[in-house]
Amino acid sequence: MSKGITSQSQDYSKWYTEVVQKAELADYSPVKGCMVIRPYGYALWENIKLNLDNMFKDTGHENAYFPMLIPEEFLKKEAEHVEGFAPEVAVVTHAGGKKLENFYVLRPTSETIIWYMYKKWINSHRDLPILINQWANVIRWEMRTRLFLRTTEFLWQEGHTAHATAEEALIEAKTMINIYKILAEDYLAMPVYIGKKTENEKFPGAVDTYSIEALMGDKKALQSGTSHYLGQNFAKAFDVKFQNENNKQEFVYATSWGVSTRLIGAIIMTHGDDKGLILPPKIAPQQVVIIPIYRNDDDKNKVLNLSKKIETTLKEKKIRFKLDNRESVTPGYKFNEWEMKGVPVRVEIGPKDVDRNGVVTVRRDTGKKAFPSVEEFLEDITNLLDTIQFDMLDKQRKFRKENTFDIESYDELKEVVKKGGYARAFWAGNSEMEDKIKDETKATIRCELFEKTKESGKCFYTGKESKVQVIISKAY
RNA sequence: CGGGGCGUGGCGCAGUCCGGCUAGCGCACCUGCUUUGGGAGCAGGGAGUCGAAAGUUCAAAUCUUUUCGCCCCGACCA
């Protein structure tokens, strides 16, 4: 065990940092707060990206690219926006060997430059809607950083849409948060609560912010994706009007939405255990790892022959697999390494297996061993991966259920905060009360639930009858 | 920005309090042989301006001053 990692119960955040590095997802860069995403981590991001991008395209969105440098004054055009982002913006003051007349900021988000461009592109209602997404990097100068969860530079996608009506924009914002929910649950096996942010927690410049909230292994919440209904705020700031069907000038309605490489942090903390990562099959860079075991050349030939047969079929079935035929390390070493990296299924092929025309399979999520024949294995592998995907989500659903507590008083909230998890309650308080609760308990209202357990109830804080049900917890 | 920790072969550390002779240890790496079903063993080998600068001293990884950087915990945030 001396070669293992710090256990979750011992020090959760140390565990997290070690998993990220030992699974070779990312490493620290020489620049404070920045990280290098290593090939294995990037492969994970690519799989997330691919699936999400398909969903974007299926809902009529197109990709584009806007520049990273934004004129500094752009950020100042929307009052809340500048107030929200000013402290964390990096500014380019010098270039070409001299001080610049006008400074540029490195984008912390792209609303401003995009709306500057939208003004040029939008004249009539016939130009709407515009449904653009971009995959990009952004820079936010955070005080404290943490691999994947909060880094100075991070990768994300940001969708920016323009609409002729508020209704249409609202539908868009809700459609997109639902796509994030699908991504989280169907691909990342990570159940999320979906809802609306309170005034205190919403995006600077938004009318409404919707979010998906996931529960990490240490029972803290992680905001894992957001979608904003921006109303006409940015259109007004950038004077983007269109001529409607009645020949009247009207400001455009907008949305923006994004998820980032933070999702990788979410996956690690949702599924990981003391042996390392556990990756959902749908997005795992390798779904199967084959480990050949042999003592001599005879065994080696037998084993590799069988392995080749198996590889051919796996290829046909479009399963992402890797044959780990390194001879410099022992099988035991490989077991540990691939467990650290979270590969869903390990296949062992040794002389004993060849003799009975079988393989040994081990599930990463449950550790369960099985000894199918080669034919059974090849026939079942797709099902097995689906089962793992399903079981992982199911396990997390149970975990969330066990850690969601309906409460009716402030004292009960404090108890929930102490043990971790979500408190679910009705809420009729205001912004100041929310601040006070945050001060006193460190917990925040994560969101006002879209899917309530009942129509209305008494506010846990004010005692007033309310139709707003919220979840509250400590968050990353 | 407040609190804490740390800079010594590629990585992790010891040595620093109380200055001293060739700067050690583990892992990793290279070569060879034996191994291989849960992190292999033995033998041999390569690799270090001790974060940087200045000072004290016969002598500095160690003492003094300055400085740079990173990590962790808090307030802020995806």
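Naming: A, B, ... by sequence-line order, numbering from 1 per chain. From a predicted model like this one, the values you see are computed outputs, not experimental measurements.
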* Can A/Thr444 and A/Glu201 be counted as having a side-chain donor-acceptor contact under 3.5 angstrom? -> no

* Plane angle bin for A/Phe238 and A/Phe234 - parallel if under 30°, tilted between 30 and 60°, otherwise perpendicular -> parallel

* **A/Lys77 charged N/C atom sitting above A/Phe74 aromatic ring, 6.0 Å / 45°** => yes

* **Distance-only donor-acceptor check, side chains A/Tyr253 and A/Gln232, under 3.5 Å** => yes

* To do: Could you give the distance separating B/A52 and B/G38 at their C1' atoms, to the nearest angstrom?
  => 46 Å

* Taking atom CG of A/Asp218 and atom OH of A/Tyr476, what is their separation to the nearest 0.5 Å? -> 3.5 Å

* To do: Rounded off to whole Å, could you give me the CH2-to-C1' distance for the A/Trp141 and B/C1 pair?
  => 16 Å

Scan nucleotides 74-76 of chain B against the protein and return all N/O pairs shorter than 3.5 Å with their distances rounded to 0.1 Å.
from: B/G74; atom 1: OP2; to: A/Arg144; atom 2: NH1; distance (Å): 2.9
from: B/C76; atom 1: OP1; to: A/Lys438; atom 2: NZ; distance (Å): 3.4

* Spacing of the P atoms in B/G48 and B/G24 (rounded, Å) -> 13 Å

* Test item: side-chain donor near acceptor, A/Ser373 and A/Asn357, under 3.5 Å -> no

* Any side-chain heavy-atom pair of A/Lys341 and A/Val289 under 4.5 Å -> no

* **A/Leu222 or A/Lys275, whichever maps to the more 5' nucleotide of RNA chain B** => A/Lys275

* May I ask you to establish whether A/Arg346 and A/Phe335 are in a cation-pi arrangement, using a distance under 6.0 Å from NZ or CZ to the six-membered ring centre and at most 45° from the ring axis? => yes

* Touch class at under 4.0 angstrom, heavy-atom based, for A/Ser13 against every strand present -> sugar-phosphate

* For A/Gln157, all residues meeting side chain to side chain donor-acceptor pair (under 3.5 Å), sequence neighbours excluded -> A/Asn133, A/Tyr180

* Compute the centroid of each ring, for A/Phe148 and then for A/Trp45, and state whether the two points are separated by less than 6.0 Å. => no

* Using side chain to side chain donor-acceptor pair (under 3.5 Å) as the criterion, list what pairs up with A/Lys309, not counting sequence neighbours. => none

Please tabulate the protein-to-nucleotide N/O contacts below 3.5 Å involving nucleotides 67-71 of chain B, giving atom names and distances.
from: B/C70; atom 1: OP1; to: A/Lys32; atom 2: N; distance (Å): 2.9
from: B/C71; atom 1: O3'; to: A/Tyr28; atom 2: OH; distance (Å): 3.3

* To do: Could you name each residue pair satisfying ring pair (Phe, Tyr, Trp, His ring centres under 6.0 Å) that touches residues 194-231 of chain A, not counting sequence neighbours?
  => A/His81-A/Phe203, A/Phe85-A/Phe203, A/Phe203-A/His228, A/Tyr210-A/Phe450

* Structure fact -> Per-nucleotide protein contact along nucleotides 31-37 of chain B, 5' to 3', at a 4.0 Å heavy-atom cut-off (B base, S sugar-phosphate only, - neither), is -----BB

* Kindly point out which of B/C77, B/C72, B/G39 is positioned nearest to the side chain of A/Asn336? => B/G39

* **Atom C1', compared across B/G12 and B/C71: separation rounded to whole Å** => 14 Å

* Taking NZ, NE, NH1 and NH2 as the nitrogens, is one of them in A/Asp365 or A/Lys395 under 4.0 Å from a carboxylate oxygen of the other? -> no

* For the pair A/Phe66 and A/Tyr118, name the ring-plane relationship: parallel under 30°, tilted 30 to 60°, perpendicular over 60°. => perpendicular

* When rounded to the nearest Å, what value does the distance between P atoms of B/U49 and B/U67 take? -> 27 Å

* Structure fact -> Sorted by chain and number, sequence neighbours left out, side chain to side chain donor-acceptor pair (under 3.5 Å) with A/Lys197 holds for A/Glu213, A/Gln223

* To do: Report the residues that fulfil side chain to side chain contact (heavy atoms under 4.5 Å, CB included) with A/Glu18, sequence neighbours left out, ordered by chain and then residue number.
  => A/Ile5, A/Thr6, A/Lys14

* May I ask you to say whether A/Lys57 pairs ionically with A/Asp53, meaning some side-chain N is under 4.0 Å from a carboxylate O? => yes

* Asked: Which residues in residues 47-70 of chain A have at least one heavy atom lying under 4.0 Å from any atom of RNA chain B?
  -> none

* **All stems with RNA chain B, defined as three or more consecutive Watson-Crick or G-U pairs under 3.5 Å** => B:1-7 with B:68-74, B:10-13 with B:24-27, B:29-34 with B:40-45, B:51-55 with B:63-67

* Is the charged tip of A/Lys414 near the ring of A/Tyr410: under 6.0 Å from the six-membered ring centre and within 45° of its axis? -> yes

* To do: Considering only atom P, compute the distance from B/A61 to B/C17 and round it to an integer number of Å.
  => 12 Å

* Give every residue pair that meets the side-chain hydrogen bond (donor to acceptor under 3.5 Å, both in side chains) criterion with at least one member in residues 264-283 of chain A, sequence neighbours excluded. => A/Asp273-A/Arg364

* May I ask you to say what A/Ser260 touches in the nucleic acid, namely base, sugar-phosphate or nothing, with a heavy-atom cut-off under 4.0 Å? => base

* Determine the contact category for A/Arg326: base if any of its heavy atoms lies under 4.0 Å from a base atom, sugar-phosphate if only primed atoms, P, OP1 or OP2 are that close, otherwise nothing. => nothing

Might you list the N or O atoms of the protein lying below 3.5 Å from N or O atoms in nucleotides 2-9 of chain B, with each pair's distance?
none

* So does A/Glu339 reach the base of B/G38 with its side chain, donor to acceptor, closer than 3.5 Å? -> yes

